[in-house]
Amino acid sequence: MSRCLTDRSIDHVVLERGEVANSWRTERWDSLRLLTPNWQSRLPGHGYEGDRPDGFRTMPETIDFIERYADVISAPVRTHTRVTSVVATDDGYRVATDQGDWQCRTVVIASGACAVPSIPAVAEAVPSSVATLTPLDYKSPDQLEPGGVLVVGASASGTQIADEIHRSGRPVTLTLGEHVRVPRVYRGKDIKWWMDVAGVLDEFYTEVDNLVRVRNVPSLQLAGSDDRRTVDLNSLTDIGVKLLGRFAGMNDGKAQFSGSLRNLCEMADLKMNRLLDRIDEWLSENPLDEEVGPPHRFEPTRVDASPPLGMDLTSGEIRTIVWATGFRPDHSWLDVPVFDRKGLIRHDGGVVEAAGMYLMGIPFLRRRKSSLIDGAGDDARDLCAHLASHLAGESPGPALDGRASAAG
Ligand SMILES: Cc1cc2nc3c(=O)[nH]c(=O)nc-3n(C[C@H](O)[C@H](O)[C@H](O)COP(=O)(O)OP(=O)(O)OC[C@H]3O[C@@H](n4cnc5c(N)ncnc54)[C@H](O)[C@@H]3O)c2cc1C
């Protein structure tokens with residue numbers, strides 16, 4: 001957004017409570033790599049120029065990449081400046097920070113979709129003898145006690161953390177709900193490449209049937225590694241991880257799991273095959289110059305016919321629980337009445353229901369890719385055009401889809 005504002009000569013400042021790339025510096029585990037290939041972190045005016053376009057950035061590489069971008073575009077960042085409140089005024093907003101106040105006509109909220117972990121209420125009933133942590137404070141298996149680990153949630157974070165912890169010699173049990181299974185590689189190409197060329201990631205928020213639903217879809221079960229291996233439930237059970245249904249409740253120190261494991265896995269397999277069908281269909285209509293592998297399908301997820309429905313958390317078998325149950329934003333500093341009943345900001349494709357206020361970086365904000373680094377550019381261009389009209393005193397309607405306006 002800063003780059004787009006600069007392109008339009010709109011005077012602005014970027015307020016950051018930590019350093020540039022703060023979330024990648026402070027809230028990620030040590031071994032994490034981006035699950036998006038290097039070529040797929042395109043930012044306005046900035047593509048990948050290295051010699052590993054299909055590689056996956058480590059955290060130091062990711063921090064370096066974002067830091068360099070801020071430098072190249074001369075983003076006017078004020079680091080170590082925490083926003084503590086935003087209130088509406090007659091001609092815009094007053095933004096209070098721990099480094100003084102700002103008066104501005106517009107505000108872009110880009111404080112992250114994954115600011116705080118979403119932990120189910122049942123966590124409160126877990127016995128105190130079991131250590132608990134979330135992906136935001138997990139760094140490496142070394143910080144865990146020896147002994148069994150229960151990982152809750154099988155999306156990108158949960159599966160990657162379960163894989164790493166189990167390989168460290170601590171037996172992992174994975175309890176899971178709805179998840180999105182995809183192979184890392186299909187027909188010889190990265191799944192993200194297929195999703196990009198086939199237009200899946202560009203799907204616009206006005207084109208989907210159930211926006212609330214797609215905004216709540218969990219992250220893909222995917223990991224980035226040099227050998228491009230797939231990390232999914234089958235690869236986890238291959239190394240000995242045990243699978244259980246959804247963590248449904250606690251009673252007197254005993255965890256209860258729903259019997260839905262098989263259904264959940266069948267649903268994920270079905271949806272994966274639908275995506276692969278869509279890719280095959282796209283390819284038959286858009287033949288590539290290069291050769292790709294033949295269409296094929298993957299082994300269905302293997303699950304026990306009747307997995308255990310309970311587990312005594314006081315027995316000492318489980319020493320640690322990792323709540324990999326998703327994240328939510330933290331907009332507690334925003335003192336403008338724009339929240340819905342669930343505490344989420346009401347917006348139309350990032351145009352917030354308060355004149356001159358915009359939102360970015362939220363799942364499916366405007367496109368399926370909105371919460372990816374690669375999605376920020378298109379969203380920023382659209383929203384910046386709206387913001388410029390607002391500053392010009394026009395009354396812009398919803399922000400246009402850049403693709404539509406580019407096509408005339
Ligand atoms: C575990 C994990 C893995 C991911 N892997 C990938 C991946 O492989 N590829 C990919 O494209 N995306 C990935 N993502 C999504 C990724 O977070 C986003 O792509 C990207 O970070 C979004 O950038 P952002 O600037 O919107 O949010 P963030 O990176 O979260 O940045 C928000 C910034 O706002 C600052 N901030 C928050 N509150 C305040 C305040 N009150 N005052 C001042 N500053 C504040 C924070 O310090 C932070 O620096 C991953 C996310 C997680 C959680």
Side-chain angles (χ1 to χ4, degrees), residues 1-2 13-43 48 55-59 61-63 65-67 69-70 75 77-86 95-99 102 107-118 134-139 153 155-161 164 184 190 192 195-196 201 218-225 322 324-335 350 358-363 365 367-377 379-380 383:
M1 180 56 92
S2 176
V13 66
V14 182
L15 304 179
E16 166 56 58
R17 65 185 169 185
E19 299 282 341
V20 170
N22 191 55
S23 59
W24 302 106
R25 280 174 203 279
T26 61
E27 295 170 355
R28 307 287 184 259
W29 58 96
D30 299 345
S31 67
L32 180 67
R33 283 175 176 236
L34 292 192
L35 52 74
T36 39
N38 290 339
W39 60 264
Q40 205 193 14
S41 291
R42 295 161 291 200
L43 291 169
Y48 182 72
F56 300 93
R57 285 189 177 90
T58 61
M59 286 306 100
E61 287 168 343
T62 307
I63 294 162
F65 157 68
I66 294 175
E67 250 185 346
Y69 185 65
V77 186
R78 301 284 176 116
T79 53
H80 302 287
T81 304
R82 178 185 292 272
V83 174
T84 52
S85 102
V86 174
V95 177
T97 83
D98 56 4
Q99 303 294 326
W102 294 80
V107 168
V108 179
I109 300 166
S111 54
C114 303
V116 281
S118 278
T134 74
L136 294 189
D137 34 51
Y138 171 77
K139 296 295 167 205
S155 293
S157 300
T159 45
Q160 290 181 39
I161 290 172
E164 174 167 273
R184 180 76 261 180
D190 197 276
K192 286 284 187 181
M195 291 173 78
D196 187 57
L201 293 170
S219 62
L220 304 187
Q221 230 174 41
L222 206 53
S225 61
V322 182
T325 37
F327 306 94
R328 57 188 167 78
D330 174 12
H331 296 136
S332 53
W333 41 268
L334 182 59
D335 300 316
Y358 300 88
L359 179 63
M360 286 192 62
I362 299 295
L365 180 92
R367 298 170 172 83
R368 192 177 294 280
K369 63 182 179 186
S370 284
S371 56
L372 297 178
I373 294 171
D374 201 51
D379 288 2
L383 293 174

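Read the numbers this way: they start at 1 and go in the same order the structure lists the ligands and their atoms.
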N or O pair under 3.5 Å between R17 and ligand 1
yes
Which heavy-atom pair separates M360 from L365 by the least distance, and what is that distance?
CA-CD2, 3.9 Å
Please list the nearest protein heavy atom to atom 8 (O) of ligand 1 with its residue and the distance rounded to 0.1 Å.
L35 N, 2.6 Å
Would E19 count as a polar contact of ligand 1, with the cut-off being nitrogen or oxygen pairs under 3.5 Å?
no
Taking side chain as C-beta onward, heavy atoms only, is R367 less than 4.5 Å from L201?
no
Applying a 4.0 Å heavy-atom criterion (strictly less than), which segment of F56 is in contact with ligand 1: side chain, backbone, both, or neither?
neither
Any heavy-atom pair between the side chains of N38 and F65 that's under 4.5 Å?
no
Side chain or backbone, does E16 bring an N or O within less than 3.5 Å of an N or O on ligand 1?
yes
Would T36 count as being in polar contact with ligand 1, using the rule that some N or O on each side must be under 3.5 angstrom apart?
yes
Per-residue contact class, T97 against ligand 1 - non-hydrogen pairs under 4.0 Å
neither
Using side-chain contact (heavy atoms from CB on, under 4.5 Å) as the criterion, point out the one residue from L15, V83, V86 that pairs with W102.
L15
Going by distance only, is there an N or O of I373 that falls short of 3.5 Å from an N or O of ligand 1?
yes
I'd like to check L34 versus E61 (side-chain heavy atoms, cut-off strictly below 4.5 Å). Are they in contact?
no
Under 4.0 Å from ligand 1, counting heavy atoms only, is it the side chain of T84, its backbone, both or neither?
neither
Mind checking whether S371 has an N or O less than 3.5 Å away from an N or O of ligand 1?
yes
Identify the closest protein heavy atom to atom 34 (O) of ligand 1: which residue and atom is it, and at what distance?
S111 CA, 3.5 Å
Within-cut-off N or O pair, L32 and ligand 1, under 3.5 Å
no
Honestly, for C114 the part within reach of ligand 1 (heavy atoms, under 4.0 Å) is side chain
Short N or O distance, R82 and ligand 1, threshold 3.5 Å exclusive:
no
Please tell me whether H80 and E19 have a donor and an acceptor in their side chains that are separated by less than 3.5 angstrom.
yes
Closest non-hydrogen protein atom to atom 26 (O) of ligand 1, residue and atom name please, with distance?
G361 CA, 3.8 Å
For ligand 1, note which part of R28 has a heavy atom under 4.0 Å away: side chain, backbone, both or neither.
side chain
Option nearest atom 30 (O) of ligand 1 (shortest heavy-atom distance, choices G112, S157, S219):
G112
Nearest to atom 12 (N) of ligand 1, what protein heavy atom do you find, and at what distance?
L372 CD2, 3.9 Å
Would you confirm whether any non-hydrogen atom of the protein falls under 4.0 Å from atom 17 (O) of ligand 1?
yes
Return the option from A110, P37, S23, G224 holding the heavy atom at the smallest distance from atom 25 (O) of ligand 1.
A110
Quick one: nearest non-hydrogen protein atom to atom 21 (O) of ligand 1, plus distance?
W24 CZ2, 3.4 Å
Heavy-atom proximity to atom 42 (N) of ligand 1 ranks first, among V83, I362, T62, for V83
So do R57 and Y48 actually touch side chain to side chain, heavy atoms under 4.5 Å?
yes
Given the protein's heavy atoms, is any one of them under 4.0 Å from atom 48 (C) of ligand 1?
yes
